[in-house]
Structures are given as C-alpha cells and as structure tokens.
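Input: a single structure, listed below in structure tokens.
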Amino acid sequence: RMAGAVSALFLLDIKGRVLVWRDYRGDVTALQAERFFTKLLDKEVSDAEVHSPVVHDGAGVSYTFIQHNNVFLLTAARQNCNAASILLFLHRLVDVFKHYFEELEEESLRDNFVVVYELLDEMMDFGYPQYTEATILSEFIKTDAYRMEVTQRPPMAVTNAVSWRSEGIRYKKNEVFLDVVESVNILVNSNGQIVRSDIIGALKMRTFLSGMPECKLGLNDRVLLEAQGRATKGKAIDLDDIKFHQCVRLTRFENDRTISFVPPDGAFDLMTYRLTTQVKPLIWVEAQVEKHSRSRIEIMVKARSQFKERSTGTNVEIEVPVPYDATNPNIRTSMGSAAYAPERDAMVWKIKSFPGGKEYMCRAEFSLPSITSEEATPEKKTPIRVKFEIPYFTVSGIQVRYLKVIEKSGYQALPWVRYITMAGEYELRLI
C-alpha cells in the first residue's frame, strides 16, 4: 500500500507568512497553515525550544518542514505520510531551486514566481513526489533567459524508468572519472586523548559517456569478498552507513554486493559511507604556551606526520589560537611559513609539502599589553585546527577493484580513479 499523499506545499518567509503555495488535494487552506505555523514560530521564540520537523495541529493535519536561509519549506497532510520521504523531497526541492536560482532565499522566490509554480507542478502530482533531478527538469522547464520558442515534448527521461539520464547523449571521447574522497573528523581533548574520531567517505563521479551505459563497480568490501570465498586477510574493509545515489540498483547490491548502475551525465556522488574506527591522527600537533611576564608570551608548536613515508601531505595549514590582544609577532619555523592572522585571533602555519614520518617546529613570540582591565573576561578556549590533503591515500584502505562500462554500441571507455584524504573537523584542544 502506498504511503499517504501531501495536501499542500508552502514556501514561507522567516516570520511564517506564505510566499508561494501549491494546493494538491483541496483539504488544507493557506490561512489554516499560516495561522498554525506563525503560532508555532512565536512559541519557539518565547519558549526558546526547537521543534521536531514534524508537528500536528490537533485538527487532523500534520505539518513537515525544513528551513533554508530565510525560507521555510512546509508540507501539510491529512493522510498518514512517510515523514522521511517528505523530508527527503523537501531537501531535493531546495537542491532544484538552487540549481535554477543559484541560491534559495525569499528574494529569489519573489523574482521567479512563474518558474517556482511550474516546478511545484512537475515535482509533485496530487500530493505524490514525482521526479526531482534538476538536470532533467531544466531540459523542459526553462527560466526566462533560456525559454524556448517552440513547444517542447518532455524529455524521454521523464517517461523513462531511468529518470536521471536523457537519451541521445554523445561524446567523442568516452571517459569516467572516480574520486574516492575521505574526510577525517577528529577531536582531541586537553589530555591528548581522542574523544571523537570518524571518517566520512564519498565516491564522487564525473561521467562523459555516450548512450545508456551500464557501469559496474567493485570494492574491497569484506562482505562481498567473503561471499565469493576469497581470502580477505588485511585487504577487506567494513563500510557502515552506506548511502547510494538513486541510480544504483539496490536489490542487486543486497543480493550479491555488486554496485551496478546507469549513471547520470556529469558530476554526482555515487555513494557515501562512514567509518567509526579509531583513527590514529594523521598529523599530530603539540603546543606549549609560556607567559614570561605580563607583557610577553611564547608559543612552541610541534607538528608530526604519522602516516607512511611513501605518502605526502599537501597544503597543510595549522591554526593556533593566540590571545586577542597580542601584538608584535616574531615567528620562526623549521619548514613552511607562519603568519599572525589578527582577524582570526590566530597564528597560521602553512606547509606546502609534508612527507610521512617527519616532524617540524614553529616558535612564536608576542607582546601583550602590560595593563589589563580588572573585569577582563576569561578567554574562551579555542582549539588548534588542522587542514591537509593526502593524495593517493585513504585511511580506510578502500580500493576500487574494477570499474567496467558496458554499452550496447560496444565502445571502450577510459576509467580514471584517484584517492585523496583530507581533514574534515580536525581539532585539538591542547592549549
């Protein structure tokens, strides 16, 4: 049985007033929704509490909403809807509006009422979500600047099973680029203990392929390798929280862990995953602060790369907090360059190339005002933040075992695969 349908969709301003609304089933009015939502917002302000994104009005209507910039996107329903799919649809709606208007905010909606109504008509029908791919929608819903003179047939993709790819795509050179990007999030407390550590990974693809290609991707996924009876010692990895682009055939993945798909044209995220294994910090930073007198402070920073020598970190940036009233910086480094950034109340140390197994030093002296006010507020402690990239390297050890492209015309496609690890939220609360 299909989940319930949405009665109406509203785009509201920051005060909860309706800017645009589309009635799909005729059983909820704009006045009803606006009254309820403005009350809800007033209550939030007065009680300083944040509501869940799904609320009921006690009169049989449930509202689901998200906020983006100064706009609320709200659905109202009298039927029992699948809340997760409605929230996903609202986020997709934001993506489509951003594709059309660069940014979604009240002004861009007011400037594009006609296109907004056309999109709301195409993306939801009688309260049921339809197709939400911006690239396909923009083939037949044009903004004024690109509006076609001739009346158009909807692109085949809209009536096709493959709603994310148009037919008749042609390239002289058929290529597919796959970037395996891992972001390392780490939080170290003042005792040097790791409080939080995880890896967020993404397989980012750019495809320039003709026709309707069928792609197959193989990873060193433990479940798959064990199912095939292969030895997995040290080579296989366990992936958590895998999320696929809609083009991936999920039943096929569930049956035999094969990732097979007809890709959209251009750039998209094929898959994202998370690993919660304890990660050894790739770049370890130690800092010592000495106050020599009331008027002088010395900071010593040591940075050590804790990955294998064959890898090299690039564009390393270490941001060390300094007192907001520090002046006259005198900074020396054993590698790279460091400068005082007063607008960030920090010293920023940049190292272009940081090979594995190396250690570098940075010393800095600052002057402080010798007179401090009696009611000076204690300084809030800011963490040391680290940014870096390590090409040709993944923390998880994920490997693309193969990437095949099959198309009925039989052309040969060139697959290119790159690996890169970068710092996500990488913070050390050491000072």
Side-chain angles (χ1 to χ4, degrees), residues 68 85 87-104 119 122-123 129-141 155-158 160-171 173-183 199-219 221 239 241-253 257-274 394 396 398 400-407 411 413-422 424:
H68 185 84
S85 76
L87 285 167
L88 178 62
F89 174 76
L90 291 176
H91 283 288
R92 284 286 179 87
L93 194 57
V94 170
D95 292 341
V96 169
F97 286 150
K98 281 164 77 172
H99 175 85
Y100 270 84
F101 319 134
E102 294 298 323
E103 195 43 89
L104 168 60
L119 288 168
E122 293 297 341
M123 291 177 70
Q130 299 298 303
Y131 30 83
T132 54
E133 287 288 319
T135 45
I136 300 298
L137 286 161
S138 54
E139 283 185 34
F140 66 104
I141 296 180
M156 280 298 288
V158 168
N160 235 349
V162 183
S163 65
W164 53 88
R165 186 179 178 91
S166 295
E167 296 201 0
I169 295 169
R170 288 278 166 269
Y171 286 102
K173 195 176 180 186
N174 290 290
E175 292 182 301
V176 52
F177 297 88
L178 173 60
D179 286 350
V180 180
V181 181
E182 289 192 342
S183 296
I199 302 161
I200 306 293
L203 270 59
K204 293 179 176 291
M205 284 194 98
R206 281 177 303 138
T207 59
F208 306 99
L209 299 170
S210 308
M212 277 285 178
E214 175 80 37
C215 296
K216 280 186 185 165
L217 176 74
L219 300 171
D221 171 10
L239 299 174
D241 296 348
I242 297 177
K243 193 171 114 194
F244 287 115
H245 185 274
Q246 72 186 82
C247 66
V248 174
R249 293 187 178 87
L250 292 179
T251 44
R252 184 82 194 271
F253 180 74
R257 300 291 277 196
T258 305
I259 300 170
S260 78
F261 56 99
V262 174
D265 190 39
F268 67 102
D269 281 6
L270 175 70
M271 163 182 148
T272 58
Y273 58 91
R274 194 167 63 93
T394 59
S396 66
I398 191 170
V400 175
R401 289 172 45 242
Y402 59 82
L403 176 55
K404 295 175 187 165
V405 179
I406 304 146
E407 214 275 333
Y411 64 70
L414 282 170
W416 304 90
V417 181
R418 288 189 308 183
Y419 299 90
I420 189 163
T421 293
M422 59 208 304

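The shown structure was predicted, so the numbers you read here are calculated from the model rather than taken from an experiment.
- Taking 4.5 Å as the limit, every side-chain heavy atom of Leu203 sits out of range of all side-chain heavy atoms of Ile259.
- With sequence neighbours excluded, the residues satisfying side-chain contact (heavy atoms from CB on, under 4.5 Å) with Lys98 are His68, Val94, Glu103, Leu104.
- Residues forming a ring pair (Phe, Tyr, Trp, His ring centres under 6.0 Å) with Phe261 (at least two apart in sequence, or on another chain): none.
- The two residues Ala134 and His99 have their closest heavy-atom pair at CB-CG, 3.5 Å.
- In this structure, the side-chain contact (heavy atoms from CB on, under 4.5 Å) partners of Pro264, at least two apart in sequence or on a different chain, are Trp164, His245, Cys247, Phe268.
- Residues satisfying the side-chain contact (heavy atoms from CB on, under 4.5 Å) test with Glu102, not counting sequence neighbours, are none.
- The two residues Arg165 and Asp265 have their closest heavy-atom pair at NH1-N, 3.7 Å.
- Legend: residues meeting side-chain hydrogen bond (donor to acceptor under 3.5 Å, both in side chains) with Ser210, ordered by chain and number and at least two apart, are Asn174.
- By the side-chain hydrogen bond (donor to acceptor under 3.5 Å, both in side chains) test, Tyr411 is found to be paired with no residue, residues two or more places apart in sequence or in another chain being considered.
- For the pair Met205 and Leu403, the minimum side-chain heavy-atom distance is below 4.5 Å.
- The distance from the CG atom of Asp95 to the CD atom of Glu133 is 9.5 Å, given to the nearest 0.5 Å.
- The side-chain hydrogen bond (donor to acceptor under 3.5 Å, both in side chains) check on Thr132 picks up Arg92, with sequence neighbours excluded.
- For the atom pair CG of Leu270 and NZ of Lys204, the computed distance is 11.5 Å after rounding to the nearest 0.5 Å.
- In this structure Phe253 satisfies the ring pair (Phe, Tyr, Trp, His ring centres under 6.0 Å) test together with Phe244, sequence neighbours excluded.
- Annotation: side chain of Val248 is not in contact with side chain of Met271 (no heavy-atom distance under 4.5 Å).
- The two residues Ile169 and Leu209 come nearest to each other via the heavy atoms CG2-O, 3.6 Å.
- Side-chain atoms of Glu175 never come within 3.5 Å of backbone atoms of Thr207 as a donor-acceptor pair (strictly under, hydrogens ignored).
- Scored by the salt bridge (Lys or Arg N to Asp or Glu O under 4.0 Å) test, Arg249 finds Glu214 as partners (sequence neighbours excluded).
- Expressed to the nearest 0.5 Å, how far CD1 of Ile199 lies from OG1 of Thr394 amounts to 8.5 Å.
- The closest side-chain heavy-atom distance from Glu122 to Tyr131 is below 4.5 Å.
- In this structure, Arg401 and Leu219 approach most closely via the heavy-atom pair NH1-O, 3.3 Å.
- Val417 meets the side-chain contact (heavy atoms from CB on, under 4.5 Å) test with Leu178, Val400, Tyr419; sequence neighbours excluded.
- Every residue meeting the salt bridge (Lys or Arg N to Asp or Glu O under 4.0 Å) condition with Arg274, not counting sequence neighbours, appears here in chain and number order: Asp241.
- Ser260 and Lys216 make their closest contact through CB-CG, 4.0 Å (heavy atoms, listed as atom of the first residue, atom of the second, distance).
- Counting only distance, with no hydrogens or angles, the side chain of Ser396 and the backbone of Ile398 share a donor-acceptor pair below 3.5 Å.
- Considering every non-hydrogen atom in both Ala267 and Arg206, the closest pair reads CB-CG, 3.7 Å.
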